[in-house]
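Since this is a predicted model, take the numbers as computed values, not measurements. Below, chain A is the first sequence line, B the second, and so on; all start at residue 1.
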Amino acid sequence: MLLHRVKSFLNNQLTIKQAKQIHAQILITSLNHLQPSLVHQFLLSTTNYSASVFVYVREILYHLQKPDAFSWGCTVRFLSRHGQFEEAFSLYVEMQKLGLYPSTHAVSSALRACARTGSKTGGISIHAQVHRYGVCNCVFVQTTLVDFYTKLGDMDTAKRVFNEMLEKNVVSWNSILSGYLKAGNLGEAQRVFDEMPKKDVISWNAILSGYAKMGNMDKTLSFFQQMPEKSFASWNTLISGYMERGEIESARRFFDMMHRRNNITWITMIGGYSKCGDAESARELFDEMPEKDHLAFNAMISCYAQNSEPKEALKLFDDMLKSGVNIQPDGVTLASVISACSQLGELRFGSWIESYINKHGIQMDDHMATALVDLHSKCGNVDKAYKLFNGLRKRDVVAYSAMIAGCAINGKAIDAIKLFQEMVEAQIQPNLATFSGLLTAYNHAGLVEEGYRCFNLMKDNGLVPSTDHHAIMVDLLGRAGKLEEAYKLIKSMPVKPHTGVWGALLQACSVHKNVEFGEIAAKHCFELEPSTGGYYSLLANIYASVGRWQDARRMRRNMDRKKLDKIPGCSWTEST
DNA sequence: GTTGCAAACG
């Protein structure tokens, strides 16, 4: 009944004025009875309202003839249930200012909103009022409080509230359980799990994911088999655990075993293949997927972006936009798309993306901003990159690494080094990408000693320098004319060097007119990339520079015969 | 009403 009325209400697109007069209270109360997915559908089908319907609810509330605590409470609950947390909390505050006493519903909804947004002060102030409103003995309020503190990471307070509870239900137990798991305290979690008077499928899934995240797949599997009831989440947790450990075959086996799957199952598999660098298998699953949602597109686009297939990423993004009305990109999509653009050197997309974000009202988050830091750095717009970097809510390894690299490639070596120090002081562990940027900075500044120190610092941090790191070091040594040292470094590499490494040495030999190492480097380059003409011409230059004209001519003839281009590759700076 | 599986940036 109610459902029907709301539906016709939204579909008829009544004016606000009409709504104010007739349906206000009915709408507010009935919206709470709708499944979120249904409301979502309404929002999609009623495009005129989709952006403003939540604001609209507030409007309705304001124009109620007698807005009582009940109407306010319902609205707060409605907003909190549909992810409008800031709005929910602000309405809650407003209702208090009016001197209305919030119900248990309102309090728990407002608390939930604070828990989700991480609003520490908001939640704590609600907690302080709980006694005044006489809602302190409500299980729902208390459970939400427990959840709030676990989400803050304050397990002591969470535990205190939990212990004070006179009545506990499964949800209360699950909240404290997942709190310990989030805190990484598996021992305590296991104890809580054993103590629980009643366990539901969520309890089982929680402990399951705890062991899966630890990488203890034997234990995970044994819990999985013991479960009295399994949900999609149970299967998905198991599969994701195997994927995280790189045990693709096991993951696949359980995936194939499932006779019914949900979208998360598919996305988990796609993400797993992506991490293993197997974009092809990921795509196969993506194509097989029966009902692709925007999350599936996100997973696949990011797979391409992270496996150095930016063109495919953009192509799929294009497909996504064309795919239909109800698949819309979000911040996650754009973060990957920005990353793809940045890899391609598609600099024009930077401004395109920004206008897209503004036009569609997509919220800029740290992930997106970090991707933009990278993009603008590569455009040479360090100021813009800095602005974005400074605007971040939280700076993590990725953000620092992007900014350090940005400074490095734009010749701001000192800034890069400063940022690195700042990052270490903030106790953020640098990783391989961080050091790539830092080494690049030293390279640009020609600081050999510091570069070496940095290279060794990596090992102190338990990191194994990759081929790319070696390439930068070789370049640094080579530019300084330390060709033999560079050659020795290559020889000491644990894995086979790629053309970036040998190419750097060859380039250096060309600058320093060194035939001996130049010939060695060139030989390797020819072997690895026989069709790249640039290497032949570099060696020819070396010969010419020392007066070995015959050899130089021989190289050029070699090139002509193979009809090779002189320019090895096209870098992004040239594509603008 | 309150808890939960997956996915993002270098």
Side-chain angles (χ1 to χ4, degrees), chain A residues 32 73-74 76-77 80-81 103-109 111-112 115 138-148 150-151 168-179 181-182 200-209 212-213 230-241 243 262-272 274 293-303 305-306 330-339 342-343 365-375 377-378 388 392 396-406 430-437:
Chain A
N32 283 310
C74 280
V76 171
R77 207 173 97 200
S80 173
R81 270 193 69 193
S103 63
T104 55
H105 290 275
V107 174
S108 67
S109 300
L111 257 173
R112 179 178 190 263
C138 166
V139 215
F140 299 112
V141 172
Q142 286 173 313
T143 302
T144 320
L145 270 174
V146 172
D147 179 55
F148 169 73
T150 59
K151 285 210 166 69
K168 298 176 180 104
N169 60 24
V170 208
V171 182
S172 326
W173 282 94
N174 285 344
S175 298
I176 196 87
L177 173 67
S178 70
L181 289 168
K182 205 163 283 154
D200 64 4
V201 69
I202 293 179
S203 333
W204 281 94
N205 287 342
I207 198 83
L208 201 68
S209 92
K213 285 211 175 83
K230 294 178 183 74
S231 66
F232 281 128
S234 327
W235 288 87
N236 296 344
T237 304
L238 184 73
I239 291 175
S240 132
M243 275 303 195
N262 67 5
N263 276 6
I264 296 180
T265 319
W266 289 90
I267 292 167
T268 308
M269 287 298 292
I270 291 171
S274 169
D293 55 6
H294 77 283
L295 297 177
F297 273 94
N298 285 357
M300 198 58 226
I301 291 173
S302 100
C303 171
Q306 284 185 297
D330 61 4
V332 178
T333 326
L334 290 180
S336 297
V337 171
I338 295 166
S339 159
S342 149
Q343 288 174 50
D365 64 4
D366 282 1
H367 284 292
M368 248 159 75
T370 305
L372 283 171
V373 166
D374 179 51
L375 184 77
S377 298
K378 285 188 178 143
L388 283 157
L392 290 176
D396 63 0
V397 218
V398 185
Y400 267 110
S401 305
M403 198 60 234
I404 288 172
N431 61 20
L432 289 174
T434 324
F435 281 107
S436 289

Side chain A/Thr370 and base B/dC9 donor-acceptor under 3.5 Å: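 Present.
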No-H, no-angle donor-acceptor pair, A/Thr104 side chain to B/dG1 base, under 3.5 Å: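 Pair found.
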Given [options], the nucleotide with the shortest approach to the side chain of [X]:
{"X": "A/Ser339", "options": "B/dC9, B/dA6, B/dT2", "answer": "B/dC9"}
{"X": "A/Ile264", "options": "B/dC9, B/dT2, B/dA6", "answer": "B/dA6"}
{"X": "A/Lys151", "options": "B/dA7, B/dA8, B/dT3", "answer": "B/dT3"}
{"X": "A/Thr237", "options": "B/dC5, B/dT3, B/dC9", "answer": "B/dC5"}
{"X": "A/Ala233", "options": "B/dT2, B/dC5, B/dA8", "answer": "B/dC5"}
{"X": "A/Arg77", "options": "B/dG4, B/dG1, B/dC5", "answer": "B/dG1"}
{"X": "A/Ser108", "options": "B/dT3, B/dC9, B/dG1", "answer": "B/dG1"}
{"X": "A/Phe140", "options": "B/dT3, B/dC9, B/dT2", "answer": "B/dT2"}

Inter-residue atom distance [X].[atom1] - [Y].[atom2], 0.5 Å rounding:
{"X": "A/Cys303", "Y": "A/Ile270", "atom1": "SG", "atom2": "CD1", "value": "8.0 Å"}
{"X": "A/Lys168", "Y": "A/Thr143", "atom1": "NZ", "atom2": "OG1", "value": "10.0 Å"}
{"X": "A/Ser274", "Y": "A/Ile267", "atom1": "OG", "atom2": "CD1", "value": "12.5 Å"}
{"X": "A/Met243", "Y": "A/Asn236", "atom1": "CE", "atom2": "CG", "value": "11.5 Å"}
{"X": "A/Ser172", "Y": "A/Leu177", "atom1": "OG", "atom2": "CG", "value": "12.0 Å"}

Tell me: [atom1] of [X] to [atom2] of [N], nearest whole Å?
{"X": "A/Ile301", "N": "B/dA6", "atom1": "CD1", "atom2": "C1'", "answer": "16 Å"}
{"X": "A/Met403", "N": "B/dC9", "atom1": "CE", "atom2": "C1'", "answer": "14 Å"}
{"X": "A/Asn262", "N": "B/dG4", "atom1": "CG", "atom2": "P", "answer": "17 Å"}
{"X": "A/Leu375", "N": "B/dA8", "atom1": "CG", "atom2": "C1'", "answer": "16 Å"}
{"X": "A/Asp147", "N": "B/dT3", "atom1": "CG", "atom2": "C1'", "answer": "6 Å"}
{"X": "A/Leu388", "N": "B/dC9", "atom1": "CG", "atom2": "C1'", "answer": "12 Å"}
{"X": "A/Ile207", "N": "B/dC5", "atom1": "CD1", "atom2": "P", "answer": "13 Å"}
{"X": "A/His367", "N": "B/dC9", "atom1": "NE2", "atom2": "P", "answer": "8 Å"}

What nucleic acid atoms does [X] come within less than 4.0 Å of, heavy atoms only: base, sugar-phosphate, or nothing?
{"X": "A/Lys230", "result": "nothing"}
{"X": "A/Asn263", "result": "nothing"}
{"X": "A/Thr434", "result": "base"}
{"X": "A/Asp374", "result": "sugar-phosphate"}
{"X": "A/Gln306", "result": "sugar-phosphate"}
{"X": "A/Leu295", "result": "base"}
{"X": "A/Asp396", "result": "base"}

Would one find a side-chain N or O of [X] under 4.0 angstrom from OP1 or OP2 of [N]?
{"X": "A/Ser240", "N": "B/dA6", "result": "yes"}
{"X": "A/Lys182", "N": "B/dG4", "result": "yes"}
{"X": "A/Arg112", "N": "B/dT2", "result": "yes"}
{"X": "A/Lys168", "N": "B/dT3", "result": "no"}

side-chain contact (heavy atoms from CB on, under 4.5 Å) partners of A/Ala405, counting only residues at least two apart: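 side-chain contact (heavy atoms from CB on, under 4.5 Å) list for A/Ala405, sorted by chain: empty.
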Residues that A/Ser339 engages under side-chain contact (heavy atoms from CB on, under 4.5 Å), provided they are two or more places apart: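 By the side-chain contact (heavy atoms from CB on, under 4.5 Å) rule, A/Ser339 matches A/Ala305, A/Gln343.
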